[in-house]
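Here the structure comes first, spelled out in structure tokens, and everything after it is commentary.
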Amino acid sequence: MNETASTIRTFISDTFFVDDFAADASFLQTGIIDSMGMMELVAFLEPTFGIKIQEEELVPENLDSLVNVCAFVARKRTQVA
Amino acid sequence: MCGIAGFTLPPALTEERRSEAEAKLRRMVAALHHRGPDALRGVLQQGMALGHARLSILDLEGGHQPMRDEGTGLTIVFNGEIFNHAELREALAPRYTFRTRSDTEVILAAFLAEGIDCVQRFNGQFAFAIHDPRDGRLWLARDRFGKRPLYYVHDPKDGFSFASEAKALFAAGVIEPRLDPRALFETIHLWAPTVGRSAFEGVRALPPGCVAQLRRGDLRIRRYWDLDLSEERIDRALTLDRAADELEALLDDAVRLRLRADVPVAAYLSGGLDSSLLCALAQRQLGGRLQTFSVAFAQKRYDEGAFQQSVAAALGTEHHRVQIEDEEIGALLPRVVEQAEVPLLRTAPAPLLKLSGLVRSLGTKVVLTGEGADEIFLGYDLFKEVRIRQFWARQPGSTARPMLFGRLYPFLPASRRSPQMMRQFFGLGLEDVGALDSSHRIRWTNSGRIARFLSPRFVEGLQGWDPVEELLESVPAEVRSWRPLARAQYLEVRTFLSPYLLASQGDRMLMANSVEGRFPFLDHRVAEFAAGLPDSLKLRGLTEKLILRRIARDRVPPQVWTRTKFPYRAPIAEALIGERAPSWARETLCREAVDEVGVFDGDKVERLVAKLDAASTSPSEADDMALAAVATTQLLATRFIQGERFGADPALVQVEAS
């Protein structure tokens, strides 16, 4: 597991009190994170990785699993760089 | 309204055993003192001890219990009201000579006439036990929706004991209070124990709408009534106008029966459609003498005070209100749990405990209240979700259809309302809209997240057990073939109305201060009429309780009858965490105290408390519910398990032999 994934996983475990979850599990459908929780996740990603997330980017393809979030963060950081 | 208790006795009693039994009965009745402070009595008879704590409402002089029929020896203890007692009395009078004006004696007479099937004739709220010394049988019954409680412990060797509240069973010493892991697991998923459990191992609840008979140690439970929402009952030809006229006449009659009492009857007024309509009907019948009672919240996001004031002013009621602060909710929670005897995912019962205290302090013993309207007339957002999901499932690829959920939850941040996110969140169960539980899957998934906080040791024995599955298996087969809204209604009544709303938030919070609640919307004639209405007269599009609005239009201010339902909620984290939190919360939520009780994981709870304490925004619902579950479980464990005793001095109970 790379550092980004591990940082995000730790955040999710700490914030939502889940011990373990599959990297490709849908946060919303499996109930790992609820609707309010998605906002907490976004509020964490922006300062932690120095990215700015646009409204139209708030879609499941970018945010609704650990794998998706990692890929999304990686893409955003390339853009910033 | 009252408390009842009893237990089986061996056929022949030595003097010593007899005085033990008497002391035990005294302790049980004394533990129910809050339910009936007006008289505490008991009787020891052949094979059975029966006890009663009385709140005198009807026939103040003659209605004492336990009540015995001299001819047969049949003896009853009864908690509740039979509202149509006057009509039944008239029908029974040719065959039975009444000695009192009480409804208790009407039950005895009806039971003598036709046995336990007499419950079918009762319009009321009741839990009663009848001992028949002729054949040694004990009969138990509970009203259709479970407005009155009844718990029991059944040990084929040691005998059978029952009581209105579990605390009386613990006072009797027939069982030690131990939290039932399954009941706890069930509560954090479904919000309440639902299939006959209580929160305690070995203590069972007689389910609503059921009768039971105990004969030679063998207990048989039978359902005599269930909510029937099948398609065949629906009268498609009904127009809104005609249905509204019929319903208004029925509701008016339901109110009329519930104003029957030898003491004044007041009403709760939340400021919503249902209670406002009830108050209007009651005020008209009482000719302007109605007193109304409301809770106002110091925190504006929970408060409906302005609506309450406008209804009270428009109806000209004598209005009283209590205002509640966050920290008071925290301070009241230990007493809430003592009364409710279950873990809670909400603190909303606490303000109602304060409210019943106000009612009682002004000398009132009975209130009308609006519970049930949202279940039978489709008031909750949950039912709107069902409708949207059905509509969406017909074209699952639609991006516009899921956006309708945004109308239900305008507080969701705009950015969350992308079609894709709506799909991910509300689409749970979309592939399977025909499943029995599709309506409740989101709710139960959300509350089930609390299981993350359980200690690994506590859940060890529960691996592979699914409370949702158990509940669904207990639902009658025909319910599966009903339309989606009807299935959702049935589950809502079974899992929310009966075991939570009427119990933890209803009976227990009222009876804690010796106040009786009466529920006109749950008159079974009203519920059965509602079941026969086309859904479109209840939920039209996304407008809830259409038919009640039509009736209310001419009776309550327009800002009330046009209002969208405002959920009744109370603060949780704000009441339990932070500088102004009560000291019990700090003590009982710390890691050591949590680990000592052993239900939840002390480390996780510590992190949850730290997260909520540090938060600058309002807590998420998930965190709030988890905190409520932990705090109330801790209270339940410390108050009950660690041996606290409740109630009056057992010496105050008068026991006689017969």
Side-chain angles (χ1 to χ4, degrees), chain A residues 6-49 51-73 75-76 79, chain B residues 189 399 405-406 408-409 411-431 441-454 456 459 600-601 603-612 614-627 630:
Chain A
S6 133
T7 306
I8 298 170
R9 182 179 275 280
T10 304
F11 168 77
I12 290 171
S13 288
D14 286 351
T15 312
F16 306 107
F17 307 97
V18 279
D19 293 325
D20 196 21
F21 57 93
D24 59 353
S26 157
F27 295 147
L28 290 168
Q29 289 195 345
T30 56
I32 294 169
I33 304 181
D34 69 359
S35 52
M36 280 276 291
M38 293 304 277
M39 291 297 98
E40 292 183 64
L41 176 63
V42 169
F44 164 79
L45 294 176
E46 289 188 332
T48 308
F49 298 104
I51 56 176
K52 190 90 198 90
I53 300 173
Q54 306 301 317
E55 291 281 294
E56 61 274 15
E57 291 171 322
L58 296 170
V59 293
E61 291 72 25
N62 291 339
L63 294 170
D64 194 24
S65 72
L66 183 60
V67 170
N68 290 8
V69 175
C70 291
F72 174 60
V73 168
R75 279 200 307 280
K76 290 294 283 187
Q79 285 168 22
Chain B
H189 283 85
T399 51
F405 284 109
L408 286 189
Y409 302 99
F411 306 113
L412 280 181
S415 49
R416 281 275 299 111
R417 276 184 259 154
S418 77
Q420 297 93 329
M421 278 298 187
M422 288 293 189
R423 168 178 301 277
Q424 285 304 88
F425 186 57
F426 291 105
L428 195 61
L430 188 67
E431 333 67 52
R441 244 179 238 179
I442 290 178
R443 180 198 290 178
W444 291 341
T445 305
N446 283 347
S447 48
R449 294 155 41 117
I450 300 169
R452 288 168 198 178
F453 292 90
L454 291 171
V459 287
F600 290 99
D601 181 310
D603 173 56
K604 279 192 180 167
V605 172
E606 187 173 78
R607 282 157 50 207
L608 174 67
V609 170
K611 178 185 172 187
L612 288 167
S616 51
T617 51
S618 338
S620 72
E621 183 165 10
D623 291 344
D624 248 351
M625 283 201 294
L627 181 68
V630 175

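Here is how names work: the chains are called A, B, and so on, in the same order as the sequence lines, proteins then strands, and each is numbered from 1.
For chain B, the option among Leu63(A), Val42(A), Val59(A) with the highest count of heavy-atom pairs below 4.5 Å is Val59(A). The candidate with the highest count of non-hydrogen atom pairs below 4.5 Å against chain A, out of Glu621(B), Arg449(B), Lys604(B), is Arg449(B).
To the nearest 0.5 angstrom, Leu28(A) atom CG is 10.0 Å from Ile442(B) atom CD1.
Only the side chain of Asp623(B) comes within less than 4.5 Å of a heavy atom in chain A; its backbone stays farther off. Contact annotation for Ser447(B): neither backbone nor side-chain heavy atoms come within less than 4.5 Å of a heavy atom of chain A. The parts of Arg607(B) that come within reach of chain A are both its backbone and its side chain, each placing non-hydrogen atoms under 4.5 angstrom from that chain. Heavy-atom distances place no part of Pro456(B) under 4.5 Å from chain A, backbone and side chain included.
Minimum interatomic distance between Thr30(A) and Thr445(B) (heavy atoms only, all atoms of both residues): O-CG2, 4.3 Å.
The side-chain tip of Lys611(B) points at the ring of Phe16(A) from less than 6.0 angstrom away and within 45° of straight on.
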